[in-house]
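A, B, ... follow the sequence lines: proteins, then strands. Residue 1 opens every chain. Note that the structure is predicted; figures quoted are calculated from it, not measured.
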Amino acid sequence: MAKLTQLIDNEVFQAYATYAAIVLLKMMLMSLITAYFRIRRKAFANPEDTASFGKGESAKKYLRTDVDVERVRRGHLNDLENIVPFLGIGLLYALSGPELSTALLHFRIFAGARIFHTIAYLTPLPQPSRGLSWAVGYVVTISMAYKVLKTGLNL
Amino acid sequence: MAKLTQLIDNEVFQAYATYAAIVLLKMMLMSLITAYFRIRRKAFANPEDTASFGKGESAKKYLRTDVDVERVRRGHLNDLENIVPFLGIGLLYALSGPELSTALLHFRIFAGARIFHTIAYLTPLPQPSRGLSWAVGYVVTISMAYKVLKTGLNL
Amino acid sequence: MAKLTQLIDNEVFQAYATYAAIVLLKMMLMSLITAYFRIRRKAFANPEDTASFGKGESAKKYLRTDVDVERVRRGHLNDLENIVPFLGIGLLYALSGPELSTALLHFRIFAGARIFHTIAYLTPLPQPSRGLSWAVGYVVTISMAYKVLKTGLNL
């Protein structure tokens with residue numbers, strides 16, 4: 001187990017682990033927010049979810065889309081589209097031997113940008129708030145990918 | 001290569017690898033089920049997919065949504081939303097030095113919950129079957145994230 | 001840090017890192033293509049995105065779906081559904097000690113198949129171009145999963 005301990009004791013890897021967990025927990029929160037709006041707005045996607053509202057036509061009317069439910073779902077999908085690259089590229093970046101301070105800068109900006117993106121999406125804040133926060137996270141990921149490819153390119 | 005062998009020889013990591021592969025293969029199965037329903041129900045999303053049914057109006061009618069296709073797709077997306085956090089947090093958890101028995105308990109419950117979630121979604125079983133299986137996988141992931149953040153927090 | 005350097009110096013892991021970064025960057029490109037079509041076709045999902053087109057009814061008409069935007073979004077989702085398994089299974093595969101030449105074969109075919117899949121989806125090329133490129137990537141991932149499960153099964 002010694003070698004694994006050395007991996008988890010590596011400061012850059014520890015920072016990656018911390019921020020990866022934070023952004024994933026933030027993404028998981030989107031599921032709860034979706035569920036909250038689905039129940040509050042009575043807007044469901046599956047007939048079996050509306051069974052407790054009665055049978056037949058009385059329940060069918062709750063099988064509908066709701067603007068706020070759809071907004072949270074778009075935010076959730078945007079998280080998936082951006083956090084998956086961060087997880088993959090961030091792991092490789094953490095293993096590519098960056099300076100701790102540089103790595104922390106990348107991870108902190110990414111996590112901050114994604115948290116702000118969610119706030120901007122759900123409030124919603126006027127554009128370009130959401131667009132800019134998306135772009136900041138995007139550029140941080142590209143910057144890490146550049147370091148990964150520069151360090152060890154093996155085509 | 002010695003160090004890599006030690007990583008793959010680590011029992012907790014091996015357990016993670018096994019269950020990560022299982023849940024990912026289960027998720028990949030959703031693509032096949034979607035394709036199966038699309039072909040059986042003749043419900044496609046792209047004009048080029050319907051070309052073999054003839055040209056013009058006769059093919060256009062197959063460009064439609066089908067309740068069962070949409071159900072499988074929702075199940076697939078739910079997998080993505082929940083299995084991505086498991087992969088990321090589970091890897092960090094496996095590297096954080098948990099007891100093998102505790103780790104296996106987490107991985108087994110998660111995999112079982114996600115397999116049951118798919119069965120509950122596709123059958124469909126009456127609620128709260130699907131909701132509960134979703135919640136079990138969610139709580140297992142939170143529990144692993146807690147261990148990760150407790151072990152090595154580096155903000 | 002010695003151990004991490006050994007990990008990143010491992011040739012198979014380096015190849016994995018390279019191709020993982022490539023397919024993730026390709027996936028990230030889908031966000032830019034979506035944004036391009038949304039702006040060019042003036043087809044947005046959020047009211048705040050159309051605010052620059054004026055207020056009231058004049059802006060509301062840009063809250064709509066567009067066939068090309070939806071096409072790119074389906075390609076993006078298909079990437080997520082297939083690249084996430086590649087990232088997870090590919091990492092475990094890279095750690096399972098495969099021959100470098102075999103590993104490179106897997107990674108190159110997968111990356112090539114996914115790049116061709118995007119071209120086939122966006123052009124669009126007649127079927128079965130897209131279907132076959134999807135299937136090739138799928139089979140490569142299954143092949144890697146088989147190696148992972150054969151190497152170290154710990155249920």
- Message: Counting only heavy atoms not in A:R73 (residues, nucleotides, ligands), do more than 12 fall under 6.0 Å from its CZ?
- Response: no
- Message: Taking atom CZ as the centre, does B:R40 end up with more than 12 heavy-atom neighbours from other residues, nucleotides or ligands that are less than 6.0 angstrom away?
- Response: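 Counting other residues, nucleotides and ligands, CZ of B:R40 stays at 12 neighbours or fewer.
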Counting C-beta onward and ignoring hydrogens, is there a side-chain heavy-atom pair between [X] and [Y] closer than 4.5 Å?
| X | Y | result |
| --- | --- | --- |
| B:R71 | A:P47 | yes |
| B:P126 | A:E48 | no |
| B:L77 | A:H76 | no |
| A:N46 | B:R130 | yes |
| B:E81 | A:L80 | yes |
| A:S52 | B:Q127 | no |

Measure across [X] and [Y] and return the closest heavy-atom pair with its distance rounded to 0.1 Å.
| X | Y | answer |
| --- | --- | --- |
| B:R74 | A:A45 | NH2-O, 3.4 Å |
| A:L24 | B:G88 | CD1-CA, 3.9 Å |
| B:L92 | A:A21 | CD1-N, 4.4 Å |

- Query: Does any heavy atom of chain A fall under 4.5 Å from the side chain of B:L87, the backbone, both, or neither of them?
  - Reply: neither
- Query: With a 4.5 angstrom heavy-atom cut-off, which part of B:Y138 approaches chain A: side chain, backbone, both or neither?
  - Reply: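 Its backbone and side chain both get close to chain A.
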Tell me, for [X] versus chain B, whether the close heavy atoms (under 4.5 Å) come from the side chain, the backbone, both or neither.
| X | value |
| --- | --- |
| A:A51 | neither |
| A:I83 | neither |
| A:M28 | both |

- Task: Check the pair B:V148 / A:T18 against side chain to side chain contact (heavy atoms under 4.5 Å, CB included), numbers first and verdict last.
- Result: CA-CA 8 Å; B:V148 169; A:T18 305; over 6 Å; no
